[in-house]
Amino acid sequence: MKLYNDTNAFGLVSRANHWISAFLFIGLIALGIYMHELPKSPEKFELYDLHKSLGIGLFVLMMLRLVWLKISPNPEQISHNRFEHILAHSVKGILYLAMIMMPISGWIMSNSGGHEVAFFNLFTLPNLVGENETVHEIAEGIHGTMGPLMILVIALHIAGALKHHLIYKDNTLKRMLGKK
Ligand code: HEM
């Protein structure tokens with residue numbers, strides 16, 4: 001089983017990172033929307049802690065992904081026309097950006113709102129900012145707007161993967177699943 005990517009295939013490291021991040025990302029958005037709607041209760045705050053811990057997990061995976069990209073670059077994207085090439089690249093770029101900006105804005109939102117960010121009661125992250133209402137509102141605006149927006153971006157990304165698989169019948173989805 002190949003760990004590294006090559007010009008035509010994703011290795012195990014990139015595939016594992018992609019699918020774990022994908023489940024985490026979709027789960028975090030769903031959990032974020034659900035917990036936001038709950039009335040104040042101990043359950044709500046437990047879910048906030050879970051959301052923060054999983055968010056840290058996604059952020060760490062994203063940092064590892066950036067390191068791995070340097071060590072083992074992704075294969076060339078399979079493209080059938082220029083428009084779809086640019087669209088697919090842009091969508092992936094937005095997802096990369098979101099996997100950096102959403103955890104950081106959530107971290108700043110918590111700290112500026114007077115809360116700490118801990119990873120499953122194992123350790124607490126340092127505070128990025130002190131308590132500050134204006135900063136809190138800005139971070140909340142970014143975090144709260146990006147979540148629902150990402151649903152659209154992910155839908156576009158999945159639609160692209162399915163189009164490659166079902167209409168172009170190429171290797172795009174298969175190689176991300178590790179199939180020949
Ligand atoms: C069922 C859901 C998903 C499917 C079917 C899917 C499918 C794929 C496929 C087939 C590729 C390879 C594209 C290529 O060869 O250029 C890919 C790449 C990628 N996907 Fe997804 N994806 C899903 C969910 C997600 C989610 C939720 C995210 C965001 C966190 C995401 C982020 C990325 C990124 C950043 C890449 C670029 C390659 C990399 O750096 O890993 N995907 N996806």
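Note that ligands are numbered from 1 as they come in the structure, with each ligand's atoms numbered from 1 the same way.
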Which pair of non-hydrogen atoms, one from Lys52 and one from His115, has the smallest distance, and what is that distance?
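Lys52 and His115 have their closest heavy atoms at NZ-CB, 3.9 Å.
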Open item on the list: Only heavy atoms of Tyr96, strictly under 4.0 Å: list the atoms of ligand 1 that pass.
Closed with: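 The list of qualifying atoms is 35 (C), 39 (C), 40 (O).
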Legend entry - Sub-4.0 Å heavy-atom contact, Met150 with ligand 1: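 Contact absent.
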**Message:** Take a 6.0 Å sphere around OH of Tyr34 and say whether it holds more than 12 heavy atoms from other residues, nucleotides or ligands.
**Reply:**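 Check fails, neighbour count at 12 or below.
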Count the heavy atoms belonging to other residues, nucleotides or ligands that lie under 6.0 Å from CZ of Phe83, then report whether that count exceeds 12.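 No, because the 6.0 Å sphere around CZ of Phe83 holds 12 heavy atoms or fewer from other groups.
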Item to check | Protein contact of atom 30 (C) of ligand 1 - nearest heavy atom, named by residue and atom, plus distance | outcome: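 In this structure, atom 30 (C) of ligand 1 has Met99 SD, 3.4 Å as its nearest protein heavy atom.
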Compute the minimum heavy-atom distance from Phe23 to ligand 1 and say whether it is under 4.0 Å.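 Heavy atoms of Phe23 never come under 4.0 Å of ligand 1.
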inquiry  = Do the side chains of Lys163 and Glu84 get close enough for a salt bridge, i.e. N-O under 4.0 angstrom?
reply    =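 Looking at Glu84 together with Lys163, the answer is yes, because their closest N to O distance falls below 4.0 Å.
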#### Entry: Heavy atoms from other residues, nucleotides or ligands near OH of Tyr96 exceed 12 (cutoff 6.0 Å)
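Result for OH/Tyr96: enclosed.
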inquiry  = Are there over 12 heavy-atom neighbours, none belonging to Phe23, within less than 6.0 Å of that residue's CZ?
reply    =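 It does not: Phe23 CZ has 12 such atoms or fewer within range.
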Tell me whether Ser14 has any N or O atom under 3.5 angstrom from an N or O of ligand 1.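 So ligand 1 has no N or O lying under 3.5 Å from an N or O of Ser14.
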field: Nearest protein heavy atom with distance in Å, relative to atom 26 (C) of ligand 1
entry: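 Here the nearest protein heavy atom works out to Ala22 CB, 3.7 Å.
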Practice prompt. For atom 32 (C) of ligand 1, find the nearest protein heavy atom and state the residue, atom name and distance (0.1 Å precision).
Written response: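 That would be Leu95 CD1, 3.6 Å.
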**Item:** Check ion pair Lys2-Asp6 (N to O, under 4.0 angstrom)
**Value:**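 The answer is yes: the pair qualifies as a salt bridge.
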### Query
Any N/O of Trp19 closer than 3.5 Å to an N/O of ligand 1?
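There is no such contact.
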We want to know whether Asn171 and His164 form a side-chain donor-acceptor pair, criterion being a heavy-atom distance below 3.5 angstrom.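 The criterion, which ignores hydrogens and geometry beyond distance, is not satisfied for His164 and Asn171.
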Discussion item. Considering non-hydrogen atoms of the protein only, which is the closest contact for atom 34 (C) of ligand 1, and what is the distance?
Written reply: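 Nearest neighbour among protein heavy atoms for atom 34 (C) of ligand 1, to 0.1 Å: Arg65 NH1, 3.8 Å.
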Original post:
Near Asn74, which atoms of ligand 1 are under 4.0 Å from a heavy atom of that residue?
Top reply: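 Once the distances to Asn74 are compared, the set is 38 (C), 39 (C), 40 (O).
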Review point. Which word best sums up how the rings of Phe59 and Trp107 line up, parallel for under 30°, tilted for 30 to 60°, or perpendicular for over 60°?
Key: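 Rings of Phe59 and Trp107: perpendicular, over 60°.
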Just checking, any donor-acceptor pair under 3.5 angstrom between side chains of Ser112 and Asn132?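 Distance-only check fails for Ser112 and Asn132.
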Under-4.0 Å heavy-atom contact with ligand 1, by part of His164 that carries it:
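No part of His164 is near ligand 1 at this cut-off.
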- Given His157, Lys92, Lys174, which one has a non-hydrogen atom that is nearest to atom 13 (C) of ligand 1?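 Shortest heavy-atom distance from atom 13 (C) of ligand 1: Lys92.
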Atom 1 (C) of ligand 1: nearest protein contact (heavy atom, Å):
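Its nearest protein heavy-atom neighbour is Ile158 CD1, 3.8 Å.
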Note to self: Using a 4.0 Å cut-off to any heavy atom of Phe10, which atoms of ligand 1 qualify?
What the structure shows: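 Result: 12 (C), 15 (O).
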Practice task
Distance to 0.1 Å, residue and atom name: give those for the protein heavy atom nearest to atom 10 (C) of ligand 1.
Solution key: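 For this ligand atom, the closest protein heavy atom is Thr172 O, 3.5 Å.
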Atoms of ligand 1 less than 4.0 Å from Arg175 heavy atoms?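 Heavy-atom distances to Arg175 below 4.0 Å select 14 (C), 15 (O), 16 (O).
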### Message
So, regarding His18 and ligand 1 (criterion: nitrogen or oxygen to nitrogen or oxygen, under 3.5 Å), is there a contact or not?
### Response
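Such a contact does occur with ligand 1.
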Exercise for review: Taking atom CG of Asn121 as the centre, report whether more than 12 heavy atoms of other residues, nucleotides or ligands fall under 6.0 Å from it.
Suggested key: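 No.
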